[in-house]
Amino acid sequence: MEDNAKMEQFQQRIDAGEKIEPKDSMPEKYRKQLIRMISQHAHSEIVGMLPEGNWITRAPSLQRKLSLIAKVQDEAGHGLYLYCAAETLGIDRDELVQQLLDGKAKYSSIFNYPTLTWADIGVIGWLVDGAAIVNQTMLAKASYGPYSRAMIRICKEENFHKRQGMEIVATMAAGVPAQKKMAQDAVNRWWWPSLMMFGPHDSDSPNSGVLLKWKVKTKTNDELRQRFVNLTVPQARAMGLSIPDPNLKYDPETKNWNFGEIDWDEFYQVIKGNGPCNEERIEARRKAHRDGAWVRDAAAAYAAKHADKSNVA
Amino acid sequence: MSEQKKSTAPDSGDGALWEIFVQEKQGAPHLHAGSLHAPDAEMALQNARDVYARRGRVLSIWVVPAVAITASSPEDDGPFFEPGNDKVYRHPQFYKVPRGVKVF
Amino acid sequence: MSETFDKQTRADLFDYLLRLGDDRLILGHRLSEWCGHGPMLEEDIALSNISLDCIGQAISLLKLAGEVEGEGRSEDDLAYFREAIDFRNLMLLEQPNGDFGYTIMRQFLFDVYSFYLYEALQESTFQPLAEIAVKSLKEVRYHLRHSSQWVLRLGDGTEESRQRIQQALDNQWRYVEEMFVLDDIEERLIVENIAADASALQEKWREMVEKIIHQATLQIPGDNIYKTQGSRQGKHSEHLGYLLSEMQILSRSYPDAQW
C-alpha cells in the first residue's frame, strides 16, 4: 500500500468523499491513527461512566435516578460501539482494554476531575456532553465507515444527555440559594476543562494535519472550540449563570464570542496523570476487571463445555 | 469472599465477537445493527436485546458469530458487482410508465 | 378508586403496596451500584437495564401507595422521607452486592418469586395493581432469563465460580422464607382478592429454583438453618440504614428544593 501510486489513489478516494471500509486497502498510518483515535474515544466513554456513576446512588428524585442510570448505561453502550469500530481495524477489544488498564492509553482528561455536588451532573450533561456533541457531529462524517456509523448512532443518543443536563442546571439555577450556589460553582469548575476537551491549539496539535487530510476530522480543534463557546455562552446567560472568563467578549463583526487563554500547563499536567482523579479512575477500572476475571472465566468454561449441545439446538 | 481459589490462567476476555441483526417492523428485513462480545449464543442474544433494542421496538434479533461471515473483497469490485449495473432491465426506471398511469 | 375501601383495608393496602414498591426500589438501588463496575461491558448494560426496570416498577407502586394513603405523599416523598423502620422490603434485597455471584443469586431467588407473584397479582381485584402486574411481568420474565442463565454459567463454569455461587446460595437461603410468610395485613387483603397469596407460591417457587440450581450442578442448602423474619414489619439489617442515608442525603438536606 505504501507506494506513491497507491497513496495517491487512496487520497483520491478521500477527496472524492468516499467512505473507507474495513477490507479496503488503506495506508498503515491511517489504520494506526484510527485505532488510536477510536480507542481513546472508547476509553473516554468507559472512564466517563465513573464520575457520573458516583451520583446514581445519591440522585435526589426517582426520575433523576432513572435518567442518570440510563445515561451512564448509554455511555457503556457508546464505548461498546466504539470498541467494535476499532476492532474492524484488526485489533481485539481485550487488547485495547489492557492498554487502558496498563496506563498506556489516553482518554479524555475531563474525566479526571471530581464530581462534588449534584450540580456537577447537570453541568457535565450540559457542558461536557455539549462539547462532545460538537466534536461527534463532525466525526459522524469521518472517512472511515465503521467510525462514522458508530458516531451517527451515538449522536442520536447523546441528545437526551445534553437536554437532561440543561434541565438539571436550569432547575438548580432557579432554585433555593444553596442550589444556585452549587450550579454556579459547577460551571466555574467545569468551564475551562470543557474547553480543553477540544485539544491543543491547531498549531500545537501533532496529529491534526494528517487527520484533516484524510478527512477523519473535517474541522480543526480551534474551530470546534469556538463553535462550542458560541453555542454555550447564550445558554449560560439564559439560565442566569456567569462564565468564569473576564475576557469573554462578543465580536459583532465575526459573530464570535472571544475568550481568554486556556491554562495549558494544567491541560498537560492532567494528561500526564497529575489530575485530581487520574489514579482513582484507572484503579476503579482495574478493580472491575480484576473482580470480573472469574466471571469471564466461568462463562468461557461453560461455553466450551456446552459448545456441542448448542450446535445441535 | 475470603479465601477463594484464584485463577492463574490468563484472562478469558469478553468472549467472541457477534454481529447483530434486528428486525424493527413486521415484514421488514433484519438489518445489521452492530456488534458485541459474548461467551455464547444465548448470552449474545440477551446482550443484543440490552445493547441494540433498549430504545424503540424490535421484533426479532439474529446473532451471528463474526467468524461465520464471509465478506466479498474490494478486489471483487469489478467482476462481482459491475455486470449487475449493465442489466438495466433489473431496475424499474428502465420501464416506461404509460401516460396517465399513477405509479405507487 | 381508594375511596371505596374502608379505613382498615386502605391502611392494609398502603402497607402492602409499600412492600411491593420497597422490594423493587431497594433492589434497583443495589443493582445501580454496579453501573460502571461490571465484569464485562455488556453485563454493565444488562444490570443497568434490570435496575431501571426495578426502579420504574417501584415508582408505579409507590405512587399508587401514596394515592391509596390519600395524604398527598408522592413516590419521592415515600422513597426519600421514610426511616429504615418504615421500609417494608425483604431483608435479602438490602444486602450489599458482594461479588457478581452474590448479586446474581439474589436476583435469581427474587426473580422467581417476583415472577409468580406478578402472575398472581394480574388477577387482583384492585385494578391499578393488576395493571402494574401485567406490565411488570413482561420485564420480570426477561430478568429471570438473565439471572437463571448466569446461575447456570457460574454453577457449571469453573471450580472457583461453582464455589462462589454455591456460597452465595448458602448465605442467602436464610432470607428466602420471608417471601412466603403471611401476616394479618396480607391475610385480610387475600380474603378481599386484592393481594396475592404468597404462601401458595412457595411450592412453585421451590420447584423452579430447584430445577435451575440442579441444572447448574449446585446443591439446595438444608432447611435446618435459622430463617430471618420481620423485615415486612420494618425489622431490617444494619445495611438498610447506610443505603438510605446515601440515597436520601440530598432530598433530606434541602427538603424545600426541587431538583
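Computed from a predicted model, the values in this text were never measured in an experiment. Chain naming here is simple, since letters A, B, ... match the order of the sequence lines and numbering starts at 1 in each. What's counted below: heavy atoms across the whole structure, side chains too, no hydrogens, waters or symmetry copies.
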**OP:** Check the angle between the aromatic planes of C/Tyr113 and C/Phe110 and answer parallel, tilted or perpendicular using the 30° and 60° thresholds.
**Re:** tilted

Please indicate whether [X] has more than 12 foreign heavy atoms, meaning atoms of other residues, nucleotides or ligands, lying under 6.0 Å from its [atom1].
{"X": "C/Glu246", "atom1": "CD", "result": "yes"}
{"X": "C/Lys227", "atom1": "NZ", "result": "yes"}
{"X": "C/Gln258", "atom1": "CD", "result": "no"}
{"X": "C/Gln127", "atom1": "CD", "result": "yes"}

Subject >> Qualifying residue for ring pair (Phe, Tyr, Trp, His ring centres under 6.0 Å) with C/Trp205, from C/Tyr116, C/Phe180, C/Phe115 >> reply: C/Phe180

**OP:** Spell out the residues in residues 23-39 of chain B that have some non-hydrogen atom less than 4.5 Å away from a non-hydrogen atom of chain C, in order of number; otherwise answer 'none'.
**Re:** B/Leu36, B/His37

Subject >> Side chain / backbone / both / neither for C/Arg153 at chain B, heavy atoms under 4.5 Å >> reply: side chain

